[in-house]
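Quick note: residue numbers are just sequence positions, from 1. A quick note: this is a predicted structure, and the numbers were derived from the prediction, not measured.
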Amino acid sequence: MENKYLKRINELARKAKADGLNADEQAEQKRLRQVYVKEFREGLRQQIEQTQIFNKKGQETTPKKVQEIQRKNGWRKD
């Protein structure tokens, strides 16, 4: 699924290469990029916080900081 901002960001990038952007379009492009990066980081953080890591022996090696976040959010019961 494509992010709702990506289509417009890509349109503006193509236009910038072809014709250039006016001041309003440059401001829009900057704002859209900031919003996209913020949402991407939030999604990645959430994914990392919900992941448990195990080694080949089956022992959990999830970092302590992530384990604490998982406990705080009720995703762990240990």
Side-chain angles (χ1 to χ4, degrees):
M1 186 170 111
E2 189 172 340
N3 186 286
K4 58 188 173 185
Y5 302 110
L6 268 183
K7 185 177 179 182
R8 182 64 179 154
I9 290 169
N10 290 333
E11 286 174 5
L12 290 170
R14 282 190 290 277
K15 185 175 180 193
K17 285 183 180 179
D19 305 327
L21 299 175
N22 63 35
D24 290 338
E25 291 170 331
Q26 287 175 347
E28 178 186 11
Q29 184 182 42
K30 182 178 180 181
R31 182 185 60 79
L32 288 172
R33 284 179 174 168
Q34 288 172 342
V35 171
Y36 175 77
V37 168
K38 180 182 177 203
E39 286 186 7
F40 179 85
R41 287 178 178 163
E42 288 172 358
L44 182 60
R45 176 180 295 273
Q46 184 179 25
Q47 184 177 0
I48 289 170
E49 289 175 352
Q50 294 177 358
T51 301
Q52 289 182 327
I53 303 168
F54 295 88
N55 65 16
K56 291 181 182 181
K57 296 179 183 178
Q59 300 166 330
E60 185 175 13
T61 59
T62 306
K64 300 293 182 197
K65 184 176 180 179
V66 175
Q67 288 181 13
E68 291 172 12
I69 292 169
Q70 290 171 346
R71 284 186 194 101
K72 183 180 115 188
N73 291 326
W75 298 326
R76 295 182 75 96
K77 304 226 184 240
D78 59 359

Novice: Nearest 0.5 Å, what's the NZ-CD1 distance between K65 and I48?
Specialist: 10.5 Å
Novice: Could you give the distance from OH (Y5) to CD (Q34), rounded to the nearest 0.5 Å?
Specialist: 12.0 Å
Novice: Side chain of E25, backbone of N22: donor and acceptor closer than 3.5 Å?
Specialist: yes
Novice: Is it the case that one hydrophobic cluster holds both I53 and W75, taking links as side-chain heavy atoms less than 4.5 Å apart, direct or via other members?
Specialist: no
Novice: Given Q29 and R33, is the side-chain contact (heavy atoms from CB on, under 4.5 Å) satisfied, shown in steps?
Specialist: CA-CA 6 Å; Q29 184 182 42; R33 284 179 174 168; 3.1 Å; yes
Novice: Looking at residues at least two apart in the chain, or sitting in another chain, which of them share a side-chain hydrogen bond (donor to acceptor under 3.5 Å, both in side chains) with Q70?
Specialist: R76
Novice: Can you name the closest pair of heavy atoms from Y36 and I9 and give their distance?
Specialist: CB-CD1, 3.9 Å
Novice: Drop me the distance from E11's CD to L6's CG, to the nearest 0.5 angstrom.
Specialist: 11.0 Å
Novice: Please check: side-chain N/O of Q67 versus main-chain N/O of T62, any donor-acceptor pairing under 3.5 Å?
Specialist: yes
Novice: Quick check: are there more than 12 heavy atoms from other residues, nucleotides or ligands sitting under 6.0 Å from CZ of R45?
Specialist: no
Novice: Assigning hydrophobic clusters by single linkage (Ile, Leu, Val, Met, Phe, Trp, Tyr; side-chain heavy-atom cutoff under 4.5 Å), is I69 placed with F54?
Specialist: no
Novice: Is there a donor-acceptor pair closer than 3.5 Å between any side-chain N or O of N55 and the backbone N or O of K57?
Specialist: yes
Novice: For residues K38 and E42, determine if any side-chain heavy atom of one lies less than 4.5 Å from a side-chain heavy atom of the other.
Specialist: yes
Novice: Verify the neighbour count for atom CD of E60: are there more than 12 heavy atoms of other residues, nucleotides or ligands below 6.0 Å?
Specialist: yes
Novice: Tell me the closest heavy-atom pair linking N73 and E49, and the distance in Å.
Specialist: ND2-OE1, 4.4 Å
Novice: Please find the pair of heavy atoms, one from L12 and one from L32, that lie closest to each other, and give the distance.
Specialist: CD1-CD1, 4.2 Å
